Every structure is written in C-alpha cells, then in structure tokens.
Amino acid sequence: MSEPKAADPKPLSLHVPEPEFRPGDKPDFSNVPIPKAGAARKPPIDVDAQDIHDLAYTIIRVMDREGNAVGPWAGELNDDEVKQGLEDMLRVRAFDARMQKAQRQGKTSFYMQALGEEAIACAFSKVLRPGDMNFPTYRQQGLLLSADYPMVDMMNQIYSNKADPLKGRQLPIMYSSKQHGFFTISGNLATQFIQGVGWAMGSAISGDDKIAASWIGDGSTAESDFHAAMVFASTYRAPAILNVVNNQWAISTFQGIARGKAATFASRGLGFGIPALRVDGNDYLAVYAVAKWAADRARAGLGPTLIEYVTYRAGAHSTSDDPSAYRPKTEFDAWPLGDPVERLKEYLIKRGTWSEARHVQANEMLEAQIAEANREAVKNGTLHDGPHASAKTMFEDVYEEMPLHIVRQRQEAGV
Amino acid sequence: MSEPKAADPKPLSLHVPEPEFRPGDKPDFSNVPIPKAGAARKPPIDVDAQDIHDLAYTIIRVMDREGNAVGPWAGELNDDEVKQGLEDMLRVRAFDARMQKAQRQGKTSFYMQALGEEAIACAFSKVLRPGDMNFPTYRQQGLLLSADYPMVDMMNQIYSNKADPLKGRQLPIMYSSKQHGFFTISGNLATQFIQGVGWAMGSAISGDDKIAASWIGDGSTAESDFHAAMVFASTYRAPAILNVVNNQWAISTFQGIARGKAATFASRGLGFGIPALRVDGNDYLAVYAVAKWAADRARAGLGPTLIEYVTYRAGAHSTSDDPSAYRPKTEFDAWPLGDPVERLKEYLIKRGTWSEARHVQANEMLEAQIAEANREAVKNGTLHDGPHASAKTMFEDVYEEMPLHIVRQRQEAGV
Amino acid sequence: MSRMTMIQSIRSAMDTSMARDESVVVFGEDVGYFGGVFRCTEGLQKKYGSHRCFDSPINESGIIGSAIGMAAYGLRPCVEIQFADYVFPGFDQLSQEASRIRYRSNNDFTAPMVVRMPTGGGIFGGQTHSQSPEAIFAHVSGLKTVIPSNPYDAKGLLAASIEDNDPVMFLEPKRLYNGPFDGHHDRPITPWSKHELGEVPDEYYTVPLGKAATRREGEAVTVLAYGTMVYVAEAAVEETGIDAEIIDLRTILPLDIEAIEASVKKTGRCVIVHEATKTCGFGAELMALVMEGCFYHLEAPVIRVTGYDMPYPHAHEWEYFPGPKRVGAALKKVMEA
Amino acid sequence: MSRMTMIQSIRSAMDTSMARDESVVVFGEDVGYFGGVFRCTEGLQKKYGSHRCFDSPINESGIIGSAIGMAAYGLRPCVEIQFADYVFPGFDQLSQEASRIRYRSNNDFTAPMVVRMPTGGGIFGGQTHSQSPEAIFAHVSGLKTVIPSNPYDAKGLLAASIEDNDPVMFLEPKRLYNGPFDGHHDRPITPWSKHELGEVPDEYYTVPLGKAATRREGEAVTVLAYGTMVYVAEAAVEETGIDAEIIDLRTILPLDIEAIEASVKKTGRCVIVHEATKTCGFGAELMALVMEGCFYHLEAPVIRVTGYDMPYPHAHEWEYFPGPKRVGAALKKVMEA
Ligand SMILES: Cc1ncc(C[n+]2csc(CCOP(=O)(O)OP(=O)(O)O)c2C)c(N)n1
Ligand SMILES: Cc1ncc(C[n+]2csc(CCOP(=O)(O)OP(=O)(O)O)c2C)c(N)n1
Ligand SMILES: [Mg+2]
Ligand SMILES: [Mg+2]
C-alpha cells in the first residue's frame, strides 16, 4: 500500500439517522413533497424497468383532495365495487377495534391492528383470483376480512379456543387458509417474501396460471430474505407481486434505519431490472389500479413487480407496544396522505352514491356482525379460561406420521 | 377475491436465463456495447447517488484501444507508479502460474488463480493507506502481492507446511494478515462483505480515519450478506468501499443467474442511495481512478461507494474445475475488454517508458524471484509430505484459553 | 448495592462496562432511542451518545456480521437480538465466522463480542418468541454460551462476557426478567426486590464464565439446570422433599464439568432439566458427560426433563413447559430406581 | 441391476423420481447445465428440461425458501446445497419455516422437500468443506435427517426422501462418493464396482426412512455409526478382532431407537462414532438414549469417538478424523471396562 497524495486524514464519525420528530415535537410534513393526484403516467405492462425509473421515486395517486379520481390510473372500479371496498375497510377497522378490546379484557395474549393502512390489503385482495396465493405478514388481515373468511374463525384463533382452526398452536392473528389464498403467517420477518416467489416459480414450472403475492414491511426490507426474493424473482421472472408496505415505522424504528438517503423502497427493484411502482397506500383506488397492473403483468408472463405502498401505522405496533415513547402522538393527524377510510368515503359522497348517514349505518351493521361473531367465538372459549383443543393435539402434525420418540413423549405426558 | 375483468388465464412458464455461448459455440461479443474510453464524466466526491445513475450503467474507461489515457478519470498516476502496477500484475500472474503447477505436482490440495483480473486488486491496493483494511475473497491475492507481504509466507500457507503462518489450519490461499490490511479470508461466500462494513463503522465510531474495503464476486452478490452490507453501509454512511468483481462467471454459472435483465450489479447501490460506479476492470488506470474517488469519499466522511469491476475470469474457477464443460474455450480471447496486462503494457510502450524487451526482462526477474521463494518454501515442507505444524496446535486457539473439554480431547489424542 | 430486576441488572452491566471501556458499543433492533422492547438498554443512548448505542436495521446477519467487523477493528460490541428465535438469520455469521476467526487466522484477528438474546417460554409467546437454542450454539466450537438465572449473576456474567476475548452468546431467560418465577405459572411470583439474588452491586464486577453455582446442597440426587429451570427444580425439590443438590450451570460452554462430576459422584443420581426440545438438546450432552465421567457411581439411569420435540405451542404453553410436576416425578423416579 | 458409485446412484434416484413424478424438480448452485460440482445432477437438465432442473443464484436461503414455496404450491423440490458447510445461510428457512409449516398451519400447508448436501471430511476440504451438521438438524423438530453409507441405500433413501411428505435433510458423505473408503486414508480404496452395496437396481425403489441396517452382527459390543464412519468401524472391528455388532443408522431422525436398544441390551456395551464435533453432537443424543433405554444392561460406560471440538483443520485432516485407530482403542477400552 502506498501513500496517496490525498488530503490529510481527519476523524470520521458514525452517522445514525434520526426521525424528524420525537415525542414532544410538533410533527410537520409540509416539506415532504406529495405529487399531485393523476400526475403519474401509466406505462404498458410490458415496459422495461429502466424506462420507468421515475415511477419508483414518485407517489402514484388517483384521488385528489376534493375526492375526485383523476389521471391515467383512475377508472378501474365501478361504484358498487368501491362501496364494497369501503365496507371492507370499515370491517377491518371495526374488527381490529373489537379484538384490541378483547386482548385488553384478557381473552388473548396479543393483537396487532392495521389501523390507517386498511386500503392496501382490502384493495389488493380484489385483484387476485381463486387459486392465487398471498404470503402475508401479520398486518394483512384485510385480505381475509375482504374475502369470505369467517370472522368467527379468526376470533376462534385469536382466542386459541377449542374451535381454533390451528388448534391453539399458533399465536393469535397468525392465520392460515389455503382455501382463501392466505399462506400460514410466520412470526419470523421476511421469510415469506422468498417463499412467495418460490410458489410463483412453482406455478410457472407447472404451466399453471396462478400468481403469488409476497408481503413485507418497510423495516423488514432490511432482512436478507428480501434480497433472496428479489434475486430469485428477477432471475426466473416469477409471476409474483412483491408488496412493500411502508408504514413509516418498524416498532420504534423509523424507516430511515432501513433505507438510505433519498432512495425509496421501490427503487430497490431497479437494481434487479424489476419494474417498481410507488403508490399512495391510503388511496384505495390507486392501490387497486397499481396492484391490477402488476397482476396483469404477472399473468401475462412478464414477471415480477415491486410495489411500495406509502402509508402510516396509525396504531401501536402491537398490544405490547406504546408508541408515545418514541413518536409524537399527533403524527398520524399530521400525516399528509390522510386516512384511507375518510378519503374513500369522501370520494363516494362526491360521486353521490354515499352519505354520512349511510356511513354511520354501515358501521353499525358491521359492528353488530362483529359483536355477533364474537359472542359465537367466546362460546368456544378464550385463551386463559379455555377450553382449548385437547393437549394431545400438541404432539400431532410435527410430522405426517408421529415418530417413536414423540409417541413416547406423548405417553410420558399421559395425554 | 373477486374475478377481475382481465384477460383469460393462460399457462405460465419458467424463465431460466442461459449464457449466449456454450461449448462449441463461437463467442462473439460485438453486440455488447462498450462505451468509449474517456466518455464517462467524473462527478465531485460529494455527489448524490441519484445524480449519477448513468455511471452505474456505463463502463468507466481510461485507456483507449490505441493505448492512450483519456478523459476526466485519466492522469492520476505517474509513469513510475504505472510501471510498478504493471510489475505487480506480472507478479500475480507468474505467482499464480507457479502455484497452479505446484498443485498439479501434488504439493497442495487446491489453488485459485486471478488470471485476467489482476488489474483490480493490484490497482486497488494503491489507494489504501496503512491501517485500512480489506475484507477480500479468494481472488484478491493481488492485494498481498502488490504490497510487501512475503511470497514465501504465501507459499508456506499454500503448502500447509511447518512455517505456514496459519499452522495448517486454513485452506491454501485463505490468507490472513492484519499487518497488511488483509482480513482472514472465509471460504463461505459474502460473509466478509458485511464484516467490512462493520469494521468501517468501528472506525467511524472511534473517530479514526481508517477505511475498509469489502470484496465480493458477481455470483456472490446473490448471497444475502450482500444485502446486509448495503443496508448497513447506507444507513450509517460507513466509510467503506464495496467492491463487486464481475468476472462474468460463478463456477459454471454465468452472471445472468445473479442479475436481472438489463440491470447492472452497480445499479444495486442506487436503491440504497449509495453512489455506484461501473468500471472497466481490465483497465488498471480506470480501476485506480475510480477506487481513489471512492476512497476519498470514504475518508471525507461521505460514506460508502459501490464499484462494479467488469472483467473476465480467464482461468478455471479453481484447480477442481474444468470450464471447458460449460463455456467456449475461446471466450476470453473474444472478450471485448482484453487482457489487463497487455493493455497496460501497450500504454507504457506508447508512453515510451517501456518496451517488449523490458517486459520480457521484468517477467524473467519475477519468475526467478518466485522460483527462489518456492525453493525456500518447499524446504519447510508440503501438504502431503509434511512436515506440518505439530498436531497439538490443532487444539489451540479455538478459544483464547483452552477449556477443559478440549484439554481432555488433546490428552486423549496424546499430543 | 441495590435491589434490581434482571432487566435492570443487565442494563447495569452494559452501563458500567460502557463507562469503564470506551470500546464497548451496544446496538440492535429498537435498542437505541427506545431502549429495547424489554427495555434492557434504556437510557444508554442518552448517556453514551448515539454512536455507542444505536438502533439497527432489522437484519440479524447484518447485526452479527457488522459486530464481527467492529470486533476485528478493536471494539467490543454487545448486540441484542430481539428474541432468540430470531438469531437464525445470523447463524451463519455465528457458526462460520465469529466462532472461527481466531482459529483460522491463528490469533491474527479475534471476535470479542457478545450476542444478547431473550430466551425461553412462559410469556405466551408461541413458537416464535419462546425458543431455547443453546444446544445449537454449544455444538459450534469457538462460541461460548452463558445463561444466567438471577440479577446478580446476570450482571456479573454479562460484564465478564463483554470483557471476554471470544464471542459469547448471552441468553436471558425472559420469564425471569421481572421476577424469579418460583416454578409455578399459576401462583404469584416473588418480585426480585424480595429475592436475595436481586441484591446487586451498583459498581462493575464480574462473575467468571465457566463456573457453576450450587443453589442447594444435597445428598440424594444431583439436578442439573440453568435459567428458568433452576426455580422449577427448586420448587420440585421442595414439594417432593427429596434432598437434591441443585446445580445452576450458568455457563453452558465452557462447562463446569468438574462440578458436575463431583456432585454426581457424590449423589449417584442425576436429573437434567431444560426447556429446549429434547432430541439433541443440551441435556443429551450432559447425559453423555455423566455417562463418561460418573458411570461407576450411578445408581439409576439419569433422567432428562425437557420441552417436548415440537414447536412451543401457544395455548398449551404450560402443558409443554417442563414444570415442577414433571421434574418432581423424575426426582421420585430416579430415587425409586 | 448395475454397479454404481454413490454419485451415480444418487443421480439415478433423482432421475427415476423425476421420470415417475412430474412434480419433482431439482435445482441448486451449478446443478443445471453443468450437473453439479460433484456431478450428481449431470444429464438431468437435458432429459427433463430446464424448468425441472436448473441453476440457482448463490443464495442458500433463497434456494431453501423458494423450495418451501414450491412445495407449498404442490411440487416436490429436491435441492442441492453445494457443501453442507454452506447450508447455514438457509438455516433460518429450515429451522423456522420448513420444519414448522405443517404444524403451525394444522396441515393446511406442508413442505415436502429434500435438501441434499455433501457432508464430512476426507478430501482436504479444510474447515469450510468438511462439516457434519446433522446434530443441528436433529435438534429441530419437524425436520428429518438421512445419511446413507452406500450406493444401494443412497438411491433408495433419496427416493424415499423425495416421496416423503416432510422436509428431509439428505447428507451425502463426500468421502464415499467414489468408493467405500475402507477406513484408512493411506491405503487404496475398493471401488464401488467391486463392492456388493455398489449393486443398484436401475429402476425406482425405496429404502424406508427410520430403519437402521445391521452391517455386522456381533455379541460383544454395539457400534453405532453412519455414513463414512461405518467403514471406519468395520476396519476397526476387523483389526481388533472384537465381535462387534455394527449398526448403520441410515436415518438420524426419525431414529430406529428400537434397533439400538435391542442391540445394546444384547451386547451390554456400546461405542458411538461420528465425524462431527463432539460437544452436542448426535453422539450425545445416542448416549442419552442408551442411558435411558439400556442402563441396566450396560456393563461399561458408553464411549464416543468423534471429531474434536474445533474447525476441521486442513493439514491435520487425518489426525482430526476419527479413524480406525481411535475407534479400535475405544473398542478395546469398552471391552476391558
Ligand atoms: C427475524 C425477526 N427479527 C425480528 C423480529 C421482531 N419484530 C417483529 S415486528 C418487527 C418490526 C417490523 O417492522 P415492519 O417490517 O416495518 O412491519 P410493520 O410492523 O410496520 O407492519 C420486529 C423487529 C421478528 N419478528 N423476526
Ligand atoms: C455460502 C457459500 N455457498 C457456496 C459456495 C461454493 N462456491 C465457492 S466459489 C463459488 C462461486 C462464486 O462466484 P463469484 O462470486 O462470481 O466469484 P468468482 O469465483 O467468480 O471470483 C461457489 C458457488 C461457498 N463457498 N459459500
Ligand atoms: Mg413498518
Ligand atoms: Mg464471478
């Protein structure tokens, strides 16, 4: 090593990114550029990634501040479909509220809500077809609640009671339903992102027409399996949609700890030649349109799409978390992309097909349904009071056939 | 899930990328665009990644086909420095040839040469200062051979003999020398890429002025630790240079199995906001200039740079490999970026400071030095014939102090 | 001297270590501003600056891999993995790198670092917040593995681990964070403030790695346990009235083999208790060591009481947990044999 | 019926499985066009198309993670990890995902897949091409682990593993790929073409998982071994003249516990041999099972002969390797005890 003729050495220091606002600060996002609704172009689905770099750095938006749907991504859904979407989001929100309460009442150990980001899973679910498969995280209950998965089954699992479809083995909310295109959730972050790609490869290998959707949070994109998924999806052009839900927070850690400087999560796709779109995650219409574009691409054999949904985790990370310790309480109110439910409601009211009264009515009806499901579920038991599945089921299904050493352990346990 | 009004389902298929040429084909790279030497701009070191996207997709070149150094990246080295560089490359090539032979003679188990990519490590080593640290792969022997690390020590390790600085514990070529800024090589791919970032963070945490260089191959960028390194380097703006040696092949697998479509390895940096440069790896002057730019950035506290060196693995992957099974024998001859040694030689001849005769002479001198070192090393023994370090050393240094269970094992072994 | 919970004593170990040695740095997911999901690092960022205590991206391989690099540079990183269940993305860096850097470089480079992680069940964490991976670490030559059972040991062992020049896996039984548990999940627990091992010096001290502690002397049977299981063993011994010697291993590797052999030779009987799954758990190694070292002193086959060979189930947490009833039954069986 | 090397029989297992079942797919690093660095998949891409046999990116987590997804889709992936030493970047996907998908989803999803990997030393591969990770797999509930010792078993066990509806780790002792080794590194080896277990049917057949094979019947002592160590045991038995019963476990998990117990009860003595490091190696579990099942039949302490607790060293490969001399000494010791 020779001594180059460069500047004198000077001490380095570690750059540790910090969010703009901490408890006590008054959040102000007015310096965050929010592109106008309708401004982003809509390319053909067979576009090359390098020709749409701009779409990875903007925010694709359809609904403007006055409740109009504008621009090339608008016009994908009719009023009935949108009304259904609003109802789906309301159901998720009411379900979450009810289950948060149940956890506080001691009926279960744990709950995680999707408050503020309901539009994403609810709109996304509409672009899938029967047989397609989601590889969700713990915040996509909207996929089940906007499909026909019974709420009482969800509750039975949340209560780990005797009717729990997973026999009390899994944490509450870590649902599984092949029939509803919902892969068994893992508590370990990011692992499912590459599994979804593998599932999509399986469909392609088999000459099938099914597609997969992988899901991940902003913080979890830092996990290495995000990279594995990108590498495999791009190499084999897997018919997969790679969904990044950027809700700004990973427990107490803001997105700057997973993302460098001015880059976006969407822009990670470009280094793999994967078309990448960044979308307003609180805009039901935009989410639907972008997801549909990606699904069409996948079905046409054009390969994967990376989508970053820009949203905000309005609630605590989970019932074990208290966000007031690390961010201002008013941050969601200041959040420039608003509330997805309110925005879609305003759109429908503007269209003349919805009203405040109908909104209240719809909410009441949903709350009644949820209360009814809850009464049903509680009959089957709750976590601490039981009844649960028989303790003997604990020893089953580790393998297809129970090997001798587990048989012996079960005998020893006397169940 | 509702049924969208999209096209009818049609069967998908798996896309498995294939290299353009396989054994028997006549390789022809005339369709590969090679940017003109001197054409790429040279930005200031404090540039933002998003303002130099173009440099991640081009190839920065200094030497043109006539042996002139042109453009903004030229002019960094004087003739003596360049002559030293040529000699370094010749030394690596001759050393490799001698050790390949030694392996065939049964003096060791295994060898890996750097044929065709000597310019990269040799030029890079010149931008580092004492105290900086490389985290190399198995193909950066040029870092040691162009520093003052004794060849006879390298050979002692290759022969696992009694003078092996690593006591026969490591594979041949998996060198370690803190003093020479060369971190202990791992046989496991990509692990060192993030370690180098951690080392650089350590320097920054300590207010030191030292920088680190991580190394990885094209194929190994697919490993997840590549991602870990990018995430950490970008988050903390680590004073690290992230080197990707794209020699087109990973054993039998071409770079298309690690890289999607038209994206480049360099372009992976952009999704993290890391400035990324793609450089002609067979152009000693370009490698030096680009590496220097990155080192200056790191030392100035501006953070990491990702560099992709475009080169070609001219030899077999290792002595266990026969590339004629998977690629045309003549591919290197057709390779459009030529031979780094020949190119630098021509540059110097054109400058009038070098000649064919001096070249031959330099080579002879180096071969004599290598033969002499080899005679020395062989005196200390070779792998199969010994002598080796005492077998008792095998039990040492698992921990700082030998725990009881290993003491007992050593006693049982009677050594 | 203060009364501390295990969380407080662990925090105090990092605090006093950071105060006396500038090279000690602490990082991991949520450990910076927030102070960790179990609050073990609370206040350290404020006290020592964000360059010495900071949040990390969610990438366990990155956390461990970068810690290796920092350690090679000359620092002493003490990193947190949020739950032991999440250490596996970083297991390659542990098993192939941290563990071998000293050996493969012939001491040219070393990896003095600590990887802290909450371990074990007892908080209804289900299969992804309850695992006990110590046996997997113990199989990897070059790693050390420590599992404290009380605030006093936790602080002293963690300080010793940070001082140690080899990579140390530091497993914190999360069921003990706030109280010593006392063996039964359905009875009130003693708070650490009422427990003698909750008495912890405020200043820096170390408890040496590799030394077991005899928690109860006895003549009838040796119970080998660590972490949460120490209290289960105590409860079972009290309830059965059997005069057992309870050894808290404290360090899994290096192991206090001599203490184990001495005790089993004395009692002639042995029960091994751990929460991890049975097959190839650390109990198997303990069993093997007793076989090798004490065979001629054994009056009955050694018994393992462990977690069953399956993921830790959510609803059946306490049926799965090797509680005092199962340990008591084993004690009686080994005495009757 | 043909004479096959282990490489050929492994290839034949994949070939016949792919021929009879369209859902079987094979991929991994260098396995497609080239046919794998050990040539185990040679010709499969040509025969079945690149959608059923293909090269993968160098990412073991990606290989295993994508295989899990494919298996959940309905395929039966049989993937290759180039060396067992390189499985650890994928260990999270194995230990936290593949192993638990059936259990956690209550059979809604499953992961029928095989992860093949060359294992063990004997080719001067040094610390990164010689490891034997079977104990780590065995500790993970939900995984099966198979280690064949000869071409006949290798084909039958691999076919059975591919047919199996649970994830199977298939460890191929690389020292046996081309010949049965015969225990001594410095003597010529018998080629498989001269070995009776090199006789392999060309057509599809299976050898059931979970059944050990008695390679030699004997009365004096039971030797438990698998993979390469079976031949070391044979050499040691021949050289010491001790009438040992040699059991080739073949499957590590599920384990043929009954065969082990029956043999040790008969002989009253036991020697366990494996190449992996000792502490928490699979030998510890075997020792524990013998303690639990056969204590009253034991006439001497069981002995483990294993790799030492350190990385596999390059130059001292054969001092490290648990060869016939060490096994012979253990046999004598256990007989004299
Ligand atoms: C491998 C792994 N590491 C750490 C955790 C602990 N953990 C659970 S959720 C979470 C934050 C995830 O944040 P993000 O990906 O942004 O998703 P969000 O919660 O915002 O939906 C962490 C660190 C885990 N579950 N798995
Ligand atoms: C984790 C891991 N997986 C697989 C291997 C086997 N292996 C050794 S070198 C190599 C190819 C690497 O290719 P590349 O990164 O392009 O480097 P190059 O050999 O071309 O310099 C492979 C697959 C390994 N050493 N480590
Ligand atoms: Mg988030
Ligand atoms: Mg390469």
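Here the structure is a predicted model, which is why all the values come from computation and not from measurement. Per chain, numbering begins at 1; letters A, B, ... match sequence-line order.
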For C:A284 and D:A288 the tightest heavy-atom approach is CA-CB, 4.1 Å
message: Students often mix this up, so state it plainly: with edges at 30° and 60°, are the rings of D:F91 and C:F88 parallel, tilted or perpendicular?
response: perpendicular
Enumerate the inter-chain donor-acceptor pairs under 3.5 Å for chain C and chain D, one line per pair.
unit_1: C:Q96; atom_1: OE1; unit_2: D:Q131; atom_2: NE2; d: 2.8
unit_1: C:Q96; atom_1: NE2; unit_2: D:Q131; atom_2: OE1; d: 3.0
unit_1: C:R100; atom_1: NE; unit_2: D:Q127; atom_2: OE1; d: 3.2
unit_1: C:Q127; atom_1: OE1; unit_2: D:R100; atom_2: NE; d: 3.2
unit_1: C:Q131; atom_1: OE1; unit_2: D:Q96; atom_2: NE2; d: 3.1
unit_1: C:Q131; atom_1: NE2; unit_2: D:Q96; atom_2: OE1; d: 2.8
unit_1: C:H139; atom_1: O; unit_2: D:T277; atom_2: OG1; d: 3.2
unit_1: C:H139; atom_1: ND1; unit_2: D:T277; atom_2: OG1; d: 3.4
unit_1: C:H139; atom_1: ND1; unit_2: D:T279; atom_2: O; d: 2.8
unit_1: C:H139; atom_1: ND1; unit_2: D:C280; atom_2: O; d: 3.4
unit_1: C:S141; atom_1: OG; unit_2: D:D309; atom_2: O; d: 3.3
unit_1: C:S141; atom_1: OG; unit_2: D:M310; atom_2: N; d: 3.1
unit_1: C:T277; atom_1: OG1; unit_2: D:H139; atom_2: O; d: 3.2
unit_1: C:T277; atom_1: OG1; unit_2: D:H139; atom_2: ND1; d: 3.4
unit_1: C:T279; atom_1: O; unit_2: D:H139; atom_2: ND1; d: 2.8
unit_1: C:C280; atom_1: N; unit_2: D:E285; atom_2: OE1; d: 2.7
unit_1: C:C280; atom_1: O; unit_2: D:H139; atom_2: ND1; d: 3.4
unit_1: C:E285; atom_1: OE1; unit_2: D:C280; atom_2: N; d: 2.7
unit_1: C:E285; atom_1: OE1; unit_2: D:R304; atom_2: NH1; d: 2.9
unit_1: C:E285; atom_1: OE2; unit_2: D:R304; atom_2: NH2; d: 3.1
unit_1: C:E292; atom_1: OE1; unit_2: D:R304; atom_2: NH2; d: 3.2
unit_1: C:E292; atom_1: OE2; unit_2: D:R304; atom_2: NE; d: 2.8
unit_1: C:E292; atom_1: OE2; unit_2: D:R304; atom_2: NH2; d: 3.3
unit_1: C:R304; atom_1: NE; unit_2: D:E292; atom_2: OE2; d: 2.8
unit_1: C:R304; atom_1: NH1; unit_2: D:E285; atom_2: OE1; d: 2.9
unit_1: C:R304; atom_1: NH2; unit_2: D:E285; atom_2: OE2; d: 3.1
unit_1: C:R304; atom_1: NH2; unit_2: D:E292; atom_2: OE1; d: 3.2
unit_1: C:R304; atom_1: NH2; unit_2: D:E292; atom_2: OE2; d: 3.3
unit_1: C:D309; atom_1: O; unit_2: D:S141; atom_2: OG; d: 3.3
unit_1: C:M310; atom_1: N; unit_2: D:S141; atom_2: OG; d: 3.1

Sorted by chain and number, sequence neighbours left out, side chain to side chain contact (heavy atoms under 4.5 Å, CB included) with C:A67 holds for C:F27, C:P77, C:V79, C:M113
Turns out that what part of C:I272 lies under 4.5 Å from chain D's heavy atoms comes down to neither
CD1 (C:I303) and CE (D:M291) are apart, to the nearest 0.5 Å, by 10.5 Å
Of the listed C:L298, C:L253, C:V290, the one with the largest count of heavy-atom pairs under 4.5 Å with chain D is C:L298
Chain D shares the most heavy-atom pairs under 4.5 Å, among C:A138, C:A276, C:A300, C:G283, with C:A300
One option among D:P313, D:G90, D:A135, D:G142 has the most heavy-atom pairs under 4.5 Å with chain C, and it is D:A135
